[in-house]
Amino acid sequence: MCQKEPLTGFFLFTCDIIIMMKIQVITLFPEMFPGVMDVSMLWKAQDRKLAEISYINLRYFGLGPRKVVDDTPYGGGDGMLLKPEPLFAAVRRAKQDDPKALVVLMTARGERLKQARLRALADGGKGLIIICGRYEGYDERITELVDLQISVGDYILTGGELPAMTLIDGVVRLIPGVLGGETSAEIESFSDGETLEFPQYTRPEEFEGMQVPEVLLSGNHAEIAKWRKQHSKKAL
């Protein structure tokens, strides 16, 4: 909403800033994120108010004077599990800032992350509250809070922070205005869910005996399109 206010003979338009996507990350290690989130396209998205990325330290919601967030699993077994109380409190706090946000749990048991899911999240018009797991896992009751469980692959990491960074990067770059060209996010690998992007070349035309394919220098757009289609690969 913009308002016109008089200012020394001119008019100053003051507008409420509308953030296109709000992303809140619940983590025990918020210090891991700025080195990735505050550079390149992710910084650009935040600087242009296209995205807002903030962090909620789960430790703040820990129990007792020691701010305990984990405990041993019922039934025995190695490792520690994240307790439900701190996670419920952290998600509820995040919901105060963005009531309609989707709650996403990064977990090996989740849906395999694909480009179609990133596109759906970028186009969905809702913010994200991302929970980063740690230790041996989490109390299963926290899934009552969760709208979507996501895995970045069939392997195990020490926590959900790196997967969360992957999810954020993949979503934010699809927000209109973040990438340079209007079709930058459309003509690339997995944009159709099936194919990998064709090989690309830039200057010089010859480098250490390796030549740019002649068709790309021809200016014949129909032949170039045909060549690119032929050299795209099916995704595994």
Side-chain angles (χ1 to χ4, degrees), residues 1-3 13-27 30 33-34 36-58 87-107 109-133 142-153 160-195 197 235:
M1 181 79 179
C2 294
Q3 295 180 335
F13 284 86
T14 59
C15 305
D16 295 330
I17 296 174
I18 299 175
I19 303 296
M20 183 170 290
M21 173 170 281
K22 179 178 288 189
I23 300 173
Q24 301 177 78
V25 184
I26 298 173
T27 172
F33 286 83
V36 175
M37 299 292 107
D38 294 347
V39 297
S40 189
M41 293 298 173
L42 292 171
W43 172 84
K44 175 182 174 182
Q46 295 173 84
D47 184 61
R48 293 186 174 184
K49 310 303 181 186
L50 300 174
E52 178 184 273
I53 305 172
S54 60
Y55 313 100
I56 296 174
N57 192 331
L58 183 61
L87 281 166
F88 268 74
V91 170
R92 286 167 177 162
R93 174 62 184 84
K95 282 283 191 176
Q96 290 178 13
D97 287 341
D98 194 357
K100 295 182 180 180
L102 294 176
V103 179
V104 181
L105 175 64
M106 308 308 299
T107 171
R109 295 192 312 184
E111 163 195 325
R112 178 78 68 84
L113 184 60
K114 293 187 177 181
Q115 191 68 17
R117 171 59 70 184
L118 294 173
R119 172 60 70 184
L121 292 174
D123 293 344
K126 292 185 177 182
L128 301 178
I129 298 169
I130 304 174
I131 301 174
C132 301
I142 74 166
T143 59
E144 292 297 315
L145 299 168
V146 173
D147 300 301
L148 182 63
Q149 300 184 39
I150 288 182
S151 167
V152 294
E161 284 77 15
L162 292 176
M165 293 179 200
T166 299
L167 176 66
I168 294 168
D169 186 286
V171 170
V172 170
R173 66 187 300 276
L174 295 177
I175 296 174
V178 174
L179 296 182
E182 294 182 3
T183 61
S184 294
E186 298 176 11
I187 306 175
E188 61 182 2
S189 296
F190 305 115
S191 58
D192 62 357
E194 297 181 356
T195 55
E197 191 174 6

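Note that this is a predicted model, so its numbers are computed, not measured.
Residues M165 and D169 form no side-chain contact, since every pair of their non-hydrogen atoms from C-beta on lies 4.5 Å or further apart. The shortest side-chain heavy-atom distance between I129 and I26 falls under the 4.5 Å cut-off.
Summarising the geometry of S151 relative to G110, their closest heavy-atom pair is CB-O, 3.6 Å, with the distance given to 0.1 Å. Considering every non-hydrogen atom in both L148 and I150, the closest pair reads CD2-CD1, 3.6 Å. Heavy atoms only, all atoms of each residue included: K126 and M21 are closest at O-CE, 3.5 Å. Shown here for M37 and I53, the closest heavy-atom pair between the two residues is SD-CD1, 3.9 Å.
With rounding to the nearest 0.5 Å, the separation of CD1 in I131 from CD in Q149 is 9.5 Å. I130 contributes atom CD1, which lies 4.5 Å from atom CG of L167 (distance to the nearest 0.5 angstrom).
The side chain to side chain donor-acceptor pair (under 3.5 Å) test applied to E111 returns R117, not counting sequence neighbours. Applying the side chain to side chain donor-acceptor pair (under 3.5 Å) rule to E161 yields the partners T27, R134; only residues at least two apart in sequence or on another chain are considered.
The backbone N or O of E52 sits nowhere less than 3.5 Å from a side-chain atom of K22 that would complete a donor-acceptor pair.
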Show me, pair by pair, the donor-acceptor contacts under 3.5 angstrom made by side chains of residues 97-107, not counting sequence neighbours?
from: D97; atom 1: OD1; to: R93; atom 2: NH1; distance (Å): 3.3
from: D97; atom 1: OD2; to: R93; atom 2: NH1; distance (Å): 3.2
from: T107; atom 1: OG1; to: R109; atom 2: N; distance (Å): 3.2
from: T107; atom 1: OG1; to: Y138; atom 2: OH; distance (Å): 3.1

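Partner of V172 under the side chain to side chain contact (heavy atoms under 4.5 Å, CB included) criterion, chosen from L179, L118, L121, I23: I23.
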Does the side-chain contact (heavy atoms from CB on, under 4.5 Å) test come out yes or no for I168 and V25, once each step is laid out? CA-CA 10 Å; I168 294 168; V25 184; 3.7 Å; yes
